[in-house]
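Here is the structure we will look at.
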Amino acid sequence: MTLIKSISGIRGTIGGKAGDALTPLDVVKFTAAYGTWLKRKNPSNKKIVLGRDARLSGDMVSKLVVGTLQGLGLDVLDLGLSTTPTVEVAVPVENAAGGIILTASHNPIQWNALKLLNEVGEFISGADGEALLAIAEAEDFDFVDVKKLGSYAQDDTWIKKHIDMILALPLVDKEAIKERNFKVIVDAVNSTGGIAVPMLLEALGVTQITKLHCEPTGNFAHNPEPLPENLTDITKAIEKTKYDLGIVVDPDVDRLCFFCEDASPFGEEYTLVAVADYILQHTKGNTVSNLSSTRALRDVTEKHGNKYYASAVGEVNVVTLMKSSKAIIGGEGNGGIIYPELHYGRDALVGIALFLTHLAKSGKKISVMRKGYPEYYISKNKIELTADINVDEVLEAVKKKYAKNPINAIDGVRIDFDKEWVHLRKSNTEPIIRIYSESDSMTKAENLAKKLISDIKEVVAATM
């Protein structure tokens, strides 16, 4: 059983002992800490927006969260089965003090989590997270008396409102999409994307929609992380029946990937690249992704005469840099699209609308569009070290070894080599260094990783 407390929220597996897993006691404790933090931050605003994905524990966790917030005197607006980006856009429109999304994102069925939002519908900052964890640790919360209990209301219209906001974006062209008459297959892993994605497609004028795993039962039909090895059902369906493209989202609909008409994966890393290419064709501005994302975004950005910036890994870090660099599009290589014109959060729905507009206007097949982007391959590795080894010292030694190369040390160590790069990050929970490398072939990327692993072993041996 696992319970992970972090500055961005709490997540864990269902069942087990309190403090060791995400039990009802832990849900109540951290909800109470969040509610207390919000009350202290803004005593006059008692409204909290709540939404959840379809996972099996969602209903139970939701009831615990609602009761706890009401017990603090806070008013809950429950969107029910929803998406992470839908709750994010709802919070500021509803003038709420904050929001909670009950989802463990791409984690398997036994997991759930509380994703915590501030008053503008963005994930709470590191400093806010630390304050919240301190409240939880001290159990520093007081509940109200019976006459001051918070209210409870439901609103199941917010997915449609979210879609209407997307349709109103100037760079979303419903008519162009409608004219292409796309035949689309959607895999929503039996979560809330099964509600939201077909609804969006219909609103965009798509009439030929095949739903695969779109019943929001929470019984995930496959591993919910949208990686090619987990998506054999949709590839088989595309191989059997002619489709223009396939669309896959994760359980809470903030990650997005596509499949080409020949059943080949478009590539999660290239979701953001393609959408950014479309945005940059019509709007001048900068882009941001994290240090572990493909170089292709930088290439496309510079081709349009704009500047690319790399942030530390994590959505909060991407958003912070997007704001300071005035980026017009950004995200992460896991298929997360952040389009500030709508909101500062990863949003598969706006990603679908922008991508389909781009594809429709290009007049190309999706596989042809994919071939038009720089070809890079990422290799993901890790090296396990003994507990007595100082990982920070190892990374510092590697940094010195490659001091003549461009180095970014805001999050571990990233070293650039012309058109290649390698990113070394330490685990926060165990003596592991994660090694991401990218080159123009998988063999080169893997050889680069092997070279750095060899360097790390040399450093370790020298200190023994």
Side-chain angles (χ1 to χ4, degrees), residues 105-106 123 225-228 248-250 254-258 265-280 285-304 306-325 327-340 344-348 350-351 354-355 370 373-382 406-425 434-442 444-446 448-449 452:
S105 194
H106 62 273
F123 288 120
E225 186 163 15
L227 300 175
V248 181
V249 294
D250 68 337
D254 64 355
R255 287 176 63 174
L256 168 66
C257 68
F258 297 99
F266 192 81
E268 251 196 328
E269 289 282 341
Y270 283 82
T271 301
L272 174 59
V273 175
V275 171
D277 182 35
Y278 171 62
I279 299 298
L280 293 169
N286 302 320
T287 67
V288 172
S289 64
N290 68 43
L291 287 170
S292 289
S293 297
T294 181
R295 183 195 165 93
L297 179 61
R298 174 180 170 178
D299 290 355
V300 167
T301 303
E302 292 177 347
K303 181 190 77 172
H304 287 289
N306 302 296
K307 190 166 183 180
Y308 164 79
Y309 295 86
S311 80
V313 174
E315 183 173 335
V316 171
N317 298 317
V318 174
V319 167
T320 299
L321 186 54
M322 286 182 70
K323 290 178 178 178
S324 65
S325 65
I328 58 170
I329 184 71
E332 298 184 283
N334 60 10
I337 302 292
I338 302 174
Y339 188 45
Y344 279 105
R346 291 185 305 179
D347 189 334
V350 76
L354 292 168
F355 186 94
R370 174 63 180 82
Y373 294 119
E375 194 71 41
Y376 292 112
Y377 298 84
I378 292 179
S379 176
K380 299 181 180 182
N381 300 272
K382 65 181 179 181
I407 288 177
N408 189 322
I410 61 170
D411 183 10
V413 177
R414 171 167 158 152
I415 309 163
D416 280 273
F417 308 84
D418 191 26
K419 292 281 186 177
E420 299 179 318
W421 57 262
V422 62
H423 186 201
L424 313 177
R425 296 181 72 232
R434 302 189 189 281
I435 303 167
Y436 289 12
S437 55
E438 183 179 60
S439 187
D440 57 8
S441 78
M442 183 56 78
K444 289 182 181 178
E446 290 173 350
L448 182 58
L452 267 294

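Throughout, residue positions are numbered sequentially from 1 according to the sequence presented.
Residues that satisfy the side chain to side chain donor-acceptor pair (under 3.5 Å) test with T271, not counting sequence neighbours, are absent from this structure. In this view, K323 and E122 satisfy the side chain to side chain donor-acceptor pair (under 3.5 Å) rule, not counting sequence neighbours.
The side-chain heavy atoms of L272 and I329, taken from C-beta on, include a pair separated by under 4.5 Å. Residues L297 and S289 are in side-chain contact: their nearest non-hydrogen atoms beyond the backbone lie under 4.5 Å apart. Counting only heavy atoms from C-beta outward, the side chains of F417 and V422 approach each other to under 4.5 Å. Considering only heavy atoms from C-beta on, D416 stays 4.5 Å or farther from N408 through its side chain. Contact of the S311 side chain with the T320 side chain is not registered, since no non-hydrogen atoms from C-beta on lie closer than 4.5 Å. Residues R370 and E375 meet the side-chain proximity criterion, which asks for heavy atoms closer than 4.5 Å.
Taking each heavy atom of I378 and T294 in turn, the nearest pair found is CD1-N, 4.1 Å. Smallest separation of non-hydrogen atoms from G351 and L256: C-CD2, 3.7 Å. P374 and V300 get closest at one heavy-atom pair: CD-CG2, 4.3 Å. When all heavy atoms of S292 and E269 are compared, the closest pair comes out as O-OE2, 4.0 Å. Annotation for P226 and D250: closest pair CD-CB, 4.1 Å, computed over non-hydrogen atoms. Annotation for Y344 and E315: closest pair O-OE2, 4.3 Å, computed over non-hydrogen atoms.
Between atom OH of residue Y377 and atom CG of residue D440 there is a gap of 9.0 Å, rounded to the nearest 0.5 Å. Atoms CG and OG1, on L321 and T287 in that order, are 9.5 Å from each other to the nearest 0.5 Å. Atom-to-atom distance recorded for K380:NZ and E446:CD is 13.5 Å, nearest 0.5 angstrom. A distance of 10.0 Å separates NZ of K382 from OH of Y436, quoted to the nearest 0.5 Å. Atom OH of residue Y376 and atom CD of residue E420 lie 10.0 Å apart, to the nearest 0.5 angstrom.
If you check the side chains of H304 and D277, you find a donor sitting under 3.5 Å from an acceptor.
Looking only at distances, a side-chain donor or acceptor of N306 sits under 3.5 Å from a matching main-chain atom of G285. E438 contributes a side-chain N or O that, together with a main-chain N or O of R295, makes up a donor-acceptor pair within less than 3.5 Å. With N286 contributing its side chain and V288 its backbone, the two residues share no donor-acceptor pair below 3.5 Å. A side-chain donor-acceptor contact under 3.5 Å links R255 to the backbone of N334. Remark: side-chain polar atoms of N381 are not paired, donor with acceptor, to backbone N or O of A449 under 3.5 angstrom. Checked by atom type and distance alone, the side chain of S437 pairs as donor or acceptor with a backbone atom of A445 at under 3.5 Å.
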Given side chain to side chain contact (heavy atoms under 4.5 Å, CB included), test W421 with L448 step by step and report yes or no.
CA-CA 8 Å; W421 57 262; L448 182 58; 5.9 Å; no
Let's go through L227 and E268 carefully: what are the C-alpha distance in whole Å and the side-chain angles of both, what is the deciding distance for side chain to side chain contact (heavy atoms under 4.5 Å, CB included) to 0.1 Å, and is it a yes or a no?
CA-CA 8 Å; L227 300 175; E268 251 196 328; 3.6 Å; yes
Evaluation steps, side chain to side chain contact (heavy atoms under 4.5 Å, CB included), between S439 and K419:
CA-CA 7 Å; S439 187; K419 292 281 186 177; over 6 Å; no
Assess whether side chain to side chain contact (heavy atoms under 4.5 Å, CB included) is satisfied between I337 and D347, documenting all intermediate values.
CA-CA 6 Å; I337 302 292; D347 189 334; 5.8 Å; no
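Screening D411, L424, V413, N317 for a side chain to side chain contact (heavy atoms under 4.5 Å, CB included) involving L291 leaves a single residue, D411. For the pairing with F355, the ring-ring contact (aromatic ring centres under 6.0 Å, His included) check across F258, Y339, Y278 returns one residue only, F258.
Between Y373 and Y270, the ring-plane angle classifies as tilted under the 30° and 60° cut-offs.
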